[in-house]
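The next block holds one structure in the form of structure tokens; read it before the comments.
Quick caveat: nothing in here was measured; it's all calculated off a predicted structure.
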Amino acid sequence: RFVSKSSLHRHGSALVRIAGIAALSAAIACSGDDDGGSVALADSGVVAELTTEIGIPTTVAVTGDVAWVVESQFDRYAPFNGVGEPAPFRLIGLELDGTAYSEIALPPADFFPEGIATTQGGRLFVGSVNTGDIYTVAPGATEAEPFTSELAPATVGMTVGIDNATLWLCNTNMGATPPTAAVIGLNISDRGRVGTHELPTSEVGSFCNDLVMSPDGALWITES
């Protein structure tokens with residue numbers, strides 16, 4: 001079982017993303033560093049760097065002995081005042097013992113992956129903060145396939161429910177006045193919507209950033 005955490009903090013006119021603890025499993029924690037482009041593994045308090053070869057790691061999910069890290073390239077994301085050079089988006093798999101490194105290409109151009117989630121069987125889901133599209137990677141697959149394109153404009157955090165059958169996600173519309181957000185549940189088998197929970201909106205709007213489901217079935221949501 002894993003827990004993914006992330007946060008967005010406003011700094012001046014830009015949004016700066018701070019990655020925190022990304023995965024918990026048997027006293028093991030894996031975290032990403034947006035500034036240095038590194039991913040570190042902490043086991044019983046000892047931190048060891050897994051790699052520094054990822055441009056801008058954002059979120060991470062652990063399945064089996066592999067940490068899957070999203071490389072999002074927010075340095076070229078226009079809403080965050082990005083000016084970086086275009087490059088292929090990647091989903092990167094790191095063996096927790098540091099012995100292997102693999103990658104899966106994600107959709108090019110305007111995808112900008114953000115959230116990631118995994119089922120107990122190792123099926124991965126990656127969402128786009130720019131289009132709302134979600135792609136999925138089957139266990140052992142080397143390519144990502146479309147899961148849904150019905151969630152514009154932005155899919156942010158994601159988690160798989162304790163039933164292992166529902167994908168819960170943060171759907172945020174920063175283009176609305178004021179911005180609006182909702183938590184949406186999708187049936188993994190048929191992609192049908194099983195629930196929608198609108199977040200309360202204040203004068204400045206709402207931003208659903210990340211979420212996780214506790215063992216009792218309650219969804220815990222960050223409102224950024």
Side-chain angles (χ1 to χ4, degrees), residues 1-4 6 19 22-26 28 30 32 37 39 41 50-51 53-73 86-152 154-171 184-194 210-213:
R1 187 181 300 278
F2 72 94
V3 180
S4 67
S6 63
L24 301 178
S25 176
I28 294 175
C30 184
V39 175
L41 174 71
L50 288 181
T51 181
E53 300 301 316
I54 303 175
I56 302 179
T58 55
T59 46
V60 62
V62 172
T63 175
D65 294 325
V66 180
W68 288 98
V69 183
V70 172
E71 184 180 55
S72 195
Q73 302 175 35
F89 294 111
R90 300 185 299 169
L91 180 62
I92 300 168
L94 304 168
E95 296 286 344
L96 295 183
D97 61 6
T99 60
Y101 176 103
S102 59
E103 62 181 69
I104 295 173
L106 293 173
D110 62 349
F111 186 67
F112 287 97
E114 164 58 13
I116 183 173
T118 182
T119 64
Q120 293 177 13
R123 183 178 181 183
L124 294 163
F125 298 91
V126 182
S128 169
V129 72
N130 193 46
T131 65
D133 295 352
I134 297 176
Y135 274 65
T136 185
V137 181
T142 58
E143 295 183 358
E145 299 179 348
F147 180 73
T148 182
S149 58
E150 304 296 323
L151 296 168
T155 295
V156 195
M158 298 190 297
T159 191
V160 173
I162 57 174
D163 60 1
N164 204 43
T166 307
L167 178 66
W168 293 96
L169 58 97
C170 282
N171 185 244
I184 295 173
L186 298 177
N187 185 296
I188 291 174
S189 295
D190 62 15
R191 298 171 172 78
R193 189 172 297 200
V194 298
D210 207 358
L211 74 171
V212 68
M213 181 172 283

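- Closest approach of Ala154 and Asn171 over heavy atoms only: O-ND2, 3.1 Å.
- Residues Ser102 and Trp68 form a side-chain contact, since some pair of their non-hydrogen atoms from C-beta on lies under 4.5 Å apart.
- Considering only heavy atoms from C-beta on, Leu167 comes within 4.5 Å of Phe147 through its side chain.
- Remark: Ile162 CD1 to Gln120 CD distance equals 9.5 Å, nearest 0.5 Å.
- Not one N or O on the side chain of Asn130 forms a donor-acceptor pair closer than 3.5 Å with the backbone of Phe112.
- For the side chain to side chain contact (heavy atoms under 4.5 Å, CB included) with Val126, the qualifying choice from Thr155, Thr136, Leu91, Ile134 is Leu91, the only one to do so.
- For the atom pair Arg193 CZ and Thr148 OG1, the distance stands at 8.5 Å (nearest 0.5 Å).
- Scanning all heavy atoms of the two residues, the minimum distance from Gly121 to Asn164 falls at N-ND2, 4.4 Å.
- Taken from CD in Glu150 to CZ in Arg191, the straight-line distance is 11.0 Å, to the nearest 0.5 Å.
- Nearest approach of Pro113 to Phe89, heavy atoms of both residues: CD-CD2, 3.4 Å.
- No side-chain heavy atom of Val160 sits less than 4.5 Å from a side-chain heavy atom of Arg123.
- The CE atom of Met158 sits 7.0 Å away from the CD1 atom of Ile116 when rounded to the nearest 0.5 Å.
- Leu169 is listed as a side-chain neighbour of Leu186, based on a closest heavy-atom distance under 4.5 Å.
- More than 12 heavy atoms of other residues, nucleotides or ligands sit less than 6.0 Å from atom CG of Asn187.
- In plain terms, the two heavy atoms of Glu114 and Val156 that are nearest each other are CG-CG1, 3.8 Å.
- Using a 4.5 Å heavy-atom cutoff, the side chains of Leu94 and Tyr101 are in contact.
- Sorted by first and then second residue, the salt bridge (Lys or Arg N to Asp or Glu O under 4.0 Å) pairs with a member in residues 98-111 read Arg90-Glu103; sequence neighbours excluded.
- Between Ala61 and Thr118, the shortest heavy-atom distance links the atoms CB-CG2, 4.2 Å.
- A distance-only check finds no donor-acceptor pair linking the side chain of Asp133 to the backbone of Gly127 [under 3.5 Å].
- No donor-acceptor distance shorter than 3.5 angstrom exists from the side chain of Thr131 to the backbone of Phe111, with no hydrogens or angles considered.
- Across all their heavy atoms, Ile104 and Ala144 have their closest contact at CG2-N, 3.8 Å.
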